[in-house]
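Each chain gets a letter, A, B and so on, in the order the sequences are listed, and its residues count up from 1. Values reported hereafter were calculated over all heavy atoms of this structure, with side chains retained and with hydrogens, waters and symmetry mates removed.
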Protein chains: 2
Amino acid sequence: MTRIRHQSLDCSPGCAVEATLQLIDGKWKGVILYHLLQGTLRFNAIRKRLPNITQRMLTTQLRELERDGFVLRTVYPEVPPKVEYSLTPRGRTLEPVILALKAWGDEHTEFRHGREACADHDEILTSAAKRTK
Amino acid sequence: MTRIRHQSLDCSPGCAVEATLQLIDGKWKGVILYHLLQGTLRFNAIRKRLPNITQRMLTTQLRELERDGFVLRTVYPEVPPKVEYSLTPRGRTLEPVILALKAWGDEHTEFRHGREACADHDEILTSAAKRTK
DNA sequence: CTGTATCCCGGCCGATACTG
DNA sequence: CAGTATCGGCCGGGATACAG
């Protein structure tokens, strides 16, 4: 681990932009935050929404988000284990950023056919046996 | 080159977020776009504003931004060469996104001392001869 | 269910040198 | 001035297996 990488920011007025980007990089954080924006989710609930993420990656990203103070991790001491993830107040401050990203994506990306393909992604993935792709 | 990488998006409602992030990743694109928001800039002018970027990286990133239709590259056939970069109309549509990033960074990041250190970065860099750094 | 531990590959990205 | 070419390290992140 050690997660070093937030170093070497340039320092122009643009550094704020860069700094923000560093916090939501990692290929998955943005999407995770987006889903968390809509409410508390359990580990596997997030996985369902991120068909292509691996366990390892999800754990890693969530740990970083937690470390950065964006996400609250709540462990219920019971078996089977139950862990819930939710946004902290600080995490919620990212809402405008995430929504801006979402809005732009909705407006300007064209995977028209992807639309309906998305609909049943959880069914597809529920049984990972298929691997039709 | 070949710049493949925009594949394997997940496909949930969050895919729009992910798709957008893919376009401004690369560690530098966000900042480049930010500076370009403020007007047309020449190659070295951008470099001045990105103290830590290398020639190679700047070229690469600009090429990708151009390929994605965000940036217009104008070459003036004269010697010494002069190349200007500016945002396309499509590039300008990213303004809300970039500004959201900037706003959050200004609000929530703490490199207090960086403030004034940033102030005169252009003077420092104007004459690259100094190399005071 | 929710992780952690290993292995390891691909490619991002930096350093450096050369060109029109 | 504005690039291109080449080499290489490092680490992001995927696959897989194991654990509480």
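We find that CE of B/Met57 is positioned 13 Å from C1' of D/dA5, with the value rounded to whole Å. As rounded to whole Å, 11 Å separates atom P of C/dC12 from atom CD of B/Gln22. The distance from atom CD1 of A/Ile46 to atom C1' of C/dG3 is 13 Å, rounded to the nearest whole Å. The distance from atom NZ of B/Lys27 to atom C1' of C/dG11 is 14 Å, rounded to the nearest whole Å. For the pair A/Gln61 CD and C/dG3 P, the computed distance is 14 Å after rounding to whole Å. If you measure from atom CD of A/Glu78 to atom P of C/dC1, you get 13 Å, rounded to the nearest angstrom.
Counting non-hydrogen atoms under 4.0 angstrom, A/Arg47 reaches nothing in the nucleic acid.
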Check nucleotides 15-20 of chain C for protein N or O atoms closer than 3.5 Å to its own N or O atoms and list the pairs.
none

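The backbone N or O of B/Asp68 lies less than 3.5 Å from a partner atom in the side chain of B/Arg90, making a donor-acceptor pair. Judged purely by atom type and a 3.5 angstrom limit, A/Thr88 uses its side chain to pair as donor or acceptor with the backbone of A/Gly69.
For B/Tyr85 and D/dC1, the shortest distance from a side-chain N or O to OP1 or OP2 is not below 4.0 Å. Of the side-chain N and O atoms in B/Arg63, none sit less than 4.0 angstrom from OP1 or OP2 of D/dA2.
B/Leu94 and B/Leu72 fall into different hydrophobic clusters, where Ile, Leu, Val, Met, Phe, Trp and Tyr are joined by side-chain heavy atoms under 4.5 Å apart, directly or via other members. B/Val83 and B/Val79 are assigned to two separate hydrophobic clusters, defined by single-linkage of ILVMFWY side chains at heavy-atom distances under 4.5 Å.
Here B/Gln55 pairs with nothing under the side chain to side chain donor-acceptor pair (under 3.5 Å) rule; sequence neighbours left out. Among residues two or more places apart in sequence or in another chain, the side chain to side chain donor-acceptor pair (under 3.5 Å) test is passed with A/Glu84 by A/Tyr76. A search for side-chain contact (heavy atoms from CB on, under 4.5 Å) contacts involving B/Ala45 returns B/Leu41, B/Arg42, B/Arg49, not counting sequence neighbours. Annotation: side chain to side chain donor-acceptor pair (under 3.5 Å) contacts of A/Arg73 (sequence neighbours excluded): A/Tyr85.
Axis angle across the helix from C/dC1-D/dG20 to C/dG20-D/dC1, with five pairs used at each end and values rounded to 10°: 50°.
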